[in-house]
Protein chains: 2
Amino acid sequence: MIFSTVLDIEPTPAPTPRQRRHEQTRAEILDAAWRLAEETGIAGLSLREVARVVGLKAPSLYTYFDSKDALFDAMFAEGYLQLGAAVTEWTATEADLEPADALGTVIGSWIRFCQHSLARYQIMFTRAIPGWEPSAEAYAISVREYQRMAEALAAFGITDPGDLDLYTAVASGLAAQQIANDPTGDRWVRLAPTAAHMLFDDIERRKR
Amino acid sequence: MIFSTVLDIEPTPAPTPRQRRHEQTRAEILDAAWRLAEETGIAGLSLREVARVVGLKAPSLYTYFDSKDALFDAMFAEGYLQLGAAVTEWTATEADLEPADALGTVIGSWIRFCQHSLARYQIMFTRAIPGWEPSAEAYAISVREYQRMAEALAAFGITDPGDLDLYTAVASGLAAQQIANDPTGDRWVRLAPTAAHMLFDDIERRKR
DNA sequence: GTCTATAGAATGATAGAC
DNA sequence: GTCTATCATTCTATAGAC
């Protein structure tokens with residue numbers, strides 16, 4: 001899925017071949033940026049390197065992105081759109097489970113989502129890039145996708161703001177530990193069911 | 001407390017005045033580095049800026065640190081030594097509380113510790129510096145201080161490795177959310193007692 | 001759209017005088 | 001120990017030819 005068409009709200013007119021090529025190159029640049037950021041960390045990303053991987057010279061990137069910050073912006077937004085798509089998928093596949101067990105699979109999937117790309121995790125959830133923060137437009141996308149996730153959690157009885165904060169802390173903490181201390185393993189993924197039951201039971205108990 | 005004397009294992013001979021001045025300047029450099037990293041993020045730290053704050057020129061820093069990485073190493077080790085000292089303090093002041101309540105104060109203090117310095121948090125717990133990782137010596141200090149923390153948690157019945165991993169996930173998750181989303185407030189600090197009881201009760205229940 | 005050339009700035013680090 | 005001078009590199013970004 002191509003970033004800038006996703007952002008369009010008005011019905012898009014059929015793209016010309018020129019526009020198609022433009023979007024495709026843009027997508028290739030983004031893809032190269034993700035792969036490089038995976039190796040160097042998001043803060044170590046270099047436009048020259050991105051250009052080299054795509055087979056362009058650095059100045060040519062400016063045809064597709066106004067600045068390095070704009071590239072970061074596109075990556076940030078893309079990460080949150082991927083999260084939204086993943087949440088939709090998770091909540092569709094928990095049909096016949098007990099709520100606490102279903103929450104366990106959601107948390108496990110969440111950890112895997114974070115683990116899948118260190119660069120994506122860094123740009124979405126940490127402040128790893130000195131001097132950069134998302135633009136208002138990109139930030140709005142993150143807020144929207146967060147809300148979507150919050151709505152999905154309501155199905156598990158997690159509606160109280162404090163409970164939501166507790167949930168995000170537990171889920172993000174599991175992911176952070178997994179990434180920092182066992183980046184290729186499942187040491188904290190395995191704890192997802194236990195954590196889910198612990199959270200679920202505690203919330204239920206406090207409701208009574 | 002001055003860093004390099006802490007690292008000495010052999011009984012230290014009385015320092016000459018020259019050595020004292022050297023250690024003092026070294027400490028001033030570290031202090032300046034912390035303050036600057038607080039503003040720019042640890043990854044944005046610049047040796048020229050550090051030198052400027054201390055009142056030296058950049059090359060003079062190399063009398064006190066062999067390289068920028070060595071400065072990072074000293075900051076990393078200092079952070080873990082501060083954590084060790086803080087843990088000792090926390091565990092000494094929980095005398096007359098119920099275990100679950102005492103655990104709540106420990107978690108709250110932990111979040112405050114992380115919140116107190118973003119730079120310290122970044123260098124200790126995230127991989128925010130592209131291309132840098134702690135030396136073997138500095139890493140050994142972090143392992144030792146972690147073990148000290150693990151021993152302190154045994155007093156709360158947290159001894160099972162999985163329970164320890166769950167604890168670190170919850171505690172670090174609360175801190176991460178606090179820093180990322182409410183850096184100057186207490187939105188997740190307030191959840192520390194709830195989280196502590198949730199953890200404590202769950203661990204106790206699973207033991208039976 | 002892509003390129004070469006380059007501006008302009010910052011960085012970590014070293015050589016060598018004092 | 002501290003300095004000046006400088007190296008060598010890297011970086012984002014722009015100007016302008018093609």
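Note on naming: letters A, B, ... go to the chains in the order of the sequence lines (proteins, then strands), and numbering restarts at 1 for each one.
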Quiz: residues 103-112 of chain B side-chain donor-acceptor pairs under 3.5 angstrom, not counting sequence neighbours:
from: T105(B); atom 1: OG1; to: A102(B); atom 2: O; distance (Å): 2.7
from: S109(B); atom 1: OG; to: T105(B); atom 2: O; distance (Å): 2.9
from: W110(B); atom 1: NE1; to: A171(B); atom 2: O; distance (Å): 3.0
from: R112(B); atom 1: NH1; to: Q115(B); atom 2: OE1; distance (Å): 3.1

Integer-rounded Å distance: [N] [atom2] and [X] [atom1]:
{"X": "D69(B)", "N": "dG12(C)", "atom1": "CG", "atom2": "C1'", "value": "10 Å"}
{"X": "Y62(B)", "N": "dC7(D)", "atom1": "OH", "atom2": "C1'", "value": "13 Å"}
{"X": "L36(B)", "N": "dG12(C)", "atom1": "CG", "atom2": "P", "value": "12 Å"}

Qualifying residues under side chain to side chain donor-acceptor pair (under 3.5 Å), relative to [X], sequence neighbours excluded:
{"X": "E133(A)", "result": "none"}
{"X": "W132(B)", "result": "none"}
{"X": "S172(B)", "result": "Q177(A)"}
{"X": "T40(A)", "result": "none"}

Quick one, F72(A) with F76(A), criterion ring pair (Phe, Tyr, Trp, His ring centres under 6.0 Å). Give me CA distance, side-chain angles, the key distance, then yes/no. CA-CA 6 Å; F72(A) 282 142; F76(A) 180 86; over 10 Å; no

Show every side-chain hydrogen bond (donor to acceptor under 3.5 Å, both in side chains) that has at least one partner inside residues 50-70 of chain A, sequence neighbours left out. E49(A)-R52(A)

Enumerate all atom pairs, one protein N or O and one N or O from nucleotides 9-11 of chain D, separated by less than 3.5 Å.
from: dC11(D); atom 1: OP1; to: S46(A); atom 2: OG; distance (Å): 3.3

Taking ring-ring contact (aromatic ring centres under 6.0 Å, His included) as the definition, give me every residue that meets it alongside F113(A), ordered by chain and number, with sequence neighbours left out. none

Polar-atom pairs under 3.5 Å, protein N or O versus N or O of nucleotides 1-4 of chain C: list them with distances, or write none.
from: dG1(C); atom 1: OP1; to: H22(A); atom 2: ND1; distance (Å): 2.8
from: dT2(C); atom 1: OP2; to: Y64(A); atom 2: OH; distance (Å): 2.6
from: dC3(C); atom 1: OP2; to: K57(A); atom 2: N; distance (Å): 2.8
from: dC3(C); atom 1: OP2; to: S60(A); atom 2: OG; distance (Å): 2.7

Residues forming a side-chain contact (heavy atoms from CB on, under 4.5 Å) with P130(A), sequence neighbours excluded: A43(A), A43(B)

So if I take the C1' atoms of five pairs at each end of the helix from dG1(C)-dC18(D) to dC18(C)-dG1(D) and get each local axis, what angle do the two axes make, rounded to 10 degrees? 10°

With sequence neighbours excluded, tell me which residues meet salt bridge (Lys or Arg N to Asp or Glu O under 4.0 Å) with R187(A). D165(B)

